[in-house]
Amino acid sequence: MTQVELEAKPRTVIGKGVRRLRREGILPAVIYGSEIEPTPIELNAHDATNTLLGVSGSTLIDLKVDGDTHKVLLREIQVDTIRRDLQHVDFLRVSMDASIRTVVPVELIGSAPAAKEKGGVLVTGLDEIEIEALPQDLPERFEVDVSILKEIDDSIVVGDLTLPAGVEVLDDPDELIARVIYQAEEVVEEEEELEGFVSLEAEPELVDRGKRREDEDEEEDEEVEE
């Protein structure tokens, strides 16, 4: 597992004052969890962004705060809907001797011969798997090689995964990860899914404006709670 480290320090500015911190290049955050009270902290926004955008929710992070190192997982990232920069981060402090539940992303690798050579279409299922393990046993991702899909209707399900030692999968073993189907089958499925739906082509701007307003309202509420 990749070693990930971040430097932080206690944060005294809360509430609406965090806007000023963001303008100064500081990312507000909070750490909570095992043997620690919820604690406001702050990080260098540039450094934190470069680090956190490359990790998953199962990546163990060494978070250094005032000389103490906490083993944490990334629990939530709030991103500005317009500028797409980080606004707030939640870290979960974990105990290394206690199992936890989290989700691990699925990454498809390779090329499916049934799709490339026989005219099939690769369809995907789960893009993340729920697991339980000790923090040090958490995989960063599950790499699934689709090159074993050599015939139409070949599939890979959760039960086909090779699990690292100490990792228990909580999803149904029959849940689909990837499958190659006939193109005609894909068209029929898409048409069935569209039945009963009406066109919203004239609505996107209205929906988008409403969504931005909701996001802005939620941000204001969150800052007041901080």
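Note that the coordinates shown come from a computational prediction; the quantities given were computed from them, not determined experimentally. Numbers for residues simply follow the sequence, beginning at 1.
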Rounded to the nearest 0.5 Å, what's the gap from NZ on Lys9 to CG on Asp66? Could you check? 9.5 Å
Roughly how far apart are Ser155 OG and Asp174 CG, rounded to 0.5 Å? 9.5 Å
Any chance you could measure Ile77, atom CD1, to Leu52, atom CG, to the nearest 0.5 Å? 5.0 Å
I'd like to know if the side chain of Asn50 and the backbone of Asp47 have a donor-acceptor N/O pair within less than 3.5 Å. no
Gap between atom CD of Glu168 and atom CG of Leu163 - 0.5 Å precision: 9.5 Å
Is any NZ, NE, NH1 or NH2 atom of the basic residue among Asp62 and Lys71 found under 4.0 Å from an Asp or Glu carboxylate oxygen of the other? yes
Atom of Gly110, atom of Asp145 and distance for their closest heavy-atom approach: CA-OD1, 3.9 Å
Would you name the heavy atoms of Met96 and Leu134 that are closest together and state the gap between them? O-CD2, 4.0 Å
Side-chain donor or acceptor of Arg93 paired with backbone N/O of Glu35 under 3.5 Å: no
Quick check on the hydrophobic clustering: are Ile156 and Val169 connected, directly or via other members, by side-chain heavy-atom contacts under 4.5 Å? yes
Find out whether Thr51 and Val4 are in side-chain contact, i.e. whether some heavy atom of one side chain is under 4.5 Å from a heavy atom of the other. yes
Of all heavy-atom pairs linking Ser95 and Ser34, the shortest is CB-OG, 3.6 Å
Side chain to side chain contact (heavy atoms under 4.5 Å, CB included) between Gln87 and Thr81, intermediate numbers included: CA-CA 10 Å; Gln87 296 292 292; Thr81 56; over 6 Å; no
If you take all heavy atoms of Glu42 and Leu21, which pair is closest and at what distance? OE1-CD1, 4.1 Å
Heavy atoms of other groups near Glu24 CD, more than 12 under 6.0 Å: yes
Is there side-chain contact between Val72 and Val94, with at least one heavy-atom pair below 4.5 Å? no
If hydrophobic clusters are built by linking Ile, Leu, Val, Met, Phe, Trp and Tyr wherever their side-chain heavy atoms come under 4.5 Å apart, do Leu126 and Ile148 end up in the same one? yes
State, with a plain yes or no, whether a side-chain heavy atom of Asp137 is found less than 4.5 Å away from one of Pro164. no
Smallest separation among heavy atoms of Glu151 and Val180, with atom names: O-CB, 4.3 Å
May I ask whether Ile152 and Leu122 are part of the same hydrophobic cluster, defined by side-chain heavy atoms of I, L, V, M, F, W, Y residues being less than 4.5 angstrom apart, directly or through others? yes
Check the pair Arg179 / Asp153 against side chain to side chain contact (heavy atoms under 4.5 Å, CB included), numbers first and verdict last. CA-CA 6 Å; Arg179 177 187 172 206; Asp153 210 35; 2.6 Å; yes
Between Val18, Val30, Leu27, which is the residue that forms a side chain to side chain contact (heavy atoms under 4.5 Å, CB included) with His88? Val30
Distance-only, no hydrogens or angles: does the Asp171 side chain make a donor-acceptor pair with backbone N or O of Glu130 under 3.5 Å? yes
So CD1 of Ile131 and OG1 of Thr102: to nearest 0.5 Å the spacing works out to 7.0 Å
State, yes or no, whether a side-chain contact exists between Phe91 and Leu74 at a heavy-atom distance under 4.5 Å. yes
If you look at every heavy atom in Ala133 and Gly166, which pair is closest and at what distance? CB-O, 3.4 Å
So do the side chains of Glu7 and Asn44 get within less than 4.5 Å of each other, counting heavy atoms only? no
Quick one: are Asp160 and Val144 in side-chain contact, heavy atoms under 4.5 Å? no
Polar side-chain atom of Arg11 near backbone of Val13 as donor-acceptor pair, under 3.5 Å: yes
Are the side chains of Leu108 and Thr124 in contact, using a 4.5 Å heavy-atom criterion? yes
Mind checking whether Leu176 and Val104 sit in one hydrophobic cluster, side chains of I, L, V, M, F, W, Y counted as touching below 4.5 Å? no
Quick check: do Thr49 and Asp85 have side-chain heavy atoms less than 4.5 Å from each other? no
Any sub-3.5 Å donor-acceptor pair from Thr59's side-chain atoms to Glu140's backbone N or O? no
Walk me through whether Leu73 and Leu60 qualify under side chain to side chain contact (heavy atoms under 4.5 Å, CB included). CA-CA 5 Å; Leu73 296 175; Leu60 202 58; 4.0 Å; yes
Carefully, step by step, assess Ile109 and Val146 under the rule side chain to side chain contact (heavy atoms under 4.5 Å, CB included). CA-CA 6 Å; Ile109 61 174; Val146 298; over 6 Å; no
Once rounded to the nearest 0.5 Å, what's the spacing between atom CD of Gln78 and atom CG of Leu86? 10.0 Å
Can Leu138 be reached from Val103 by stepping across I, L, V, M, F, W or Y side chains whose heavy atoms are under 4.5 Å apart? no
